[in-house]
Amino acid sequence: MIDMQDVWKTYPNGTHALQGVSLQIDRSEFVYVVGPSGAGKSTFMKLIYREEVPTKGQISVNGFNLGKLKQRNIPLLRRNIGVIFQDYRLLPKLTAYENVAFAMEVIEAPRKIMKKRVMEVLDLVGLKSKANREPAHLSGGEQQRVAIARAIVNNPSVIVADEPTGNLDPETSWGIMQLLDEINFRGTTIVMATHNKEIVNTMRKRVLAIENGHVVRDQLRGEYGYEF
Ligand code: ADP
Ligand code: ADP
């Protein structure tokens, strides 16, 4: 599903954020990306959804060779990847329904199927009854659920989540993890950067540890491995 070959990322200011990363992530895998602040986790995630491009090396995601991807095909790639952020990034003036529908409008999904599909994913995340609320009238956990609904509405093959529980209390975080686990169980590949030791040590999925731009550990049913 995701294949990286000797991937380097050097930012224009000279920071070597990733230094020779090679790995494969298979369809339906759930992968935690851990490591200290500044290690390169966000850069790794951004390369997958092509927010950044590698300075050197090859990345393919779901059969798209990102190095050869034409500008006009970027929307096609993005439709295959759902992205979730720590700070939710919902549009504040739109309701939960409209935030999710917007993701379908962007890819020009047929209007006829839109309403049904949006309500279906809002139901899946447990927010059908709050479809008409704006983000400011939802709790943090509920806002993240809307963001998850938005991420899955177009049936992506991969979900990239950058510290999705970073702003949530432990109980709410577990609710979000349950939801992501269920989405993964239905076949979606999930790559999630996290500092949540308890979640990583309880869920026991594949763990990639990144330090100083290098993958220093890659374990199936791995552990968090840090004290922070
Ligand atoms: P993490 O997500 O593990 O905290 P990042 O990928 O955000 O790590 O950052 C890796 C390194 O690259 C850090 O030294 C960070 O300061 C640097 N960095 C990240 N984004 C940029 C950028 N846009 N320009 C310059 N340096 C950056
Ligand atoms: P995240 O919450 O995704 O880990 P970061 O804190 O790593 O975000 O970065 C926030 C934004 O600032 C990103 O767009 C990143 O590319 C940029 N950034 C991070 N570190 C640097 C840096 N050293 N110089 C310039 N931009 C940076």
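Read the numbers this way: they start at 1 and go in the same order the structure lists the ligands and their atoms.
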*asked:* Once ring-ring contact (aromatic ring centres under 6.0 Å, His included) is applied, what residue pairs with a partner in residues 20-54 remain, sequence neighbours excluded?
replied: Phe30-Tyr32
*Listed partners of Pro36 passing side-chain contact (heavy atoms from CB on, under 4.5 Å), at least two apart*: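 Testing Pro36 for side-chain contact (heavy atoms from CB on, under 4.5 Å), a comparison that skips the adjacent residues, returns Ala39, Glu211, Tyr226, Phe228.
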*asked:* Within the structure provided, determine whether Leu180 and Ile148 are in side-chain contact (heavy-atom separation under 4.5 Å).
replied: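 Heavy-atom side-chain distance check passes, below 4.5 Å.
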*asked:* Is a donor from one side chain sitting under 3.5 angstrom from an acceptor on the other, for Asn62 and Ser157?
replied: yes
*With no hydrogens and no angle check, do the side chains of Thr194 and Tyr224 hold a donor and an acceptor under 3.5 Å apart?*
no
Provide the number and element of each atom of ligand 1 under 4.0 Å from a heavy atom of [X].
X     : result
Ala39 : 1 (P), 3 (O), 8 (O)
Asn13 : 25 (C), 26 (N)
Lys41 : 1 (P), 2 (O), 3 (O), 4 (O), 6 (O), 8 (O)
Ala17 : 10 (C), 11 (C), 12 (O)

_If you measure every N or O of Gly38 against every N or O of ligand 1, does any of those distances drop under 3.5 Å?_
yes
*Within the structure, does Glu52 bring an N/O atom to less than 3.5 angstrom of an N/O atom in ligand 1?*
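Among all N and O atoms of Glu52, none is under 3.5 Å from an N or O of ligand 1.
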*Between Thr43 and ligand 1, which residue portion shows a heavy-atom distance shorter than 4.0 Å: side chain, backbone, both, or neither?*
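Both backbone and side chain.
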*With backbone taken as N, CA, C and O and side chain as the heavy atoms from C-beta onward, which portion of Pro36 lies under 4.0 Å from ligand 1: side chain, backbone, both, or neither?*
backbone
*Would you call Gly40 a ligand 1 contact, heavy-atom distance under 4.0 Å?*
yes
*May I ask you to say whether Lys197 pairs ionically with Glu227, meaning some side-chain N is under 4.0 Å from a carboxylate O?*
yes
*Hey, are Arg206 and Glu29 close enough for a salt bridge, meaning a charged N less than 4.0 Å from a carboxylate O?*
yes
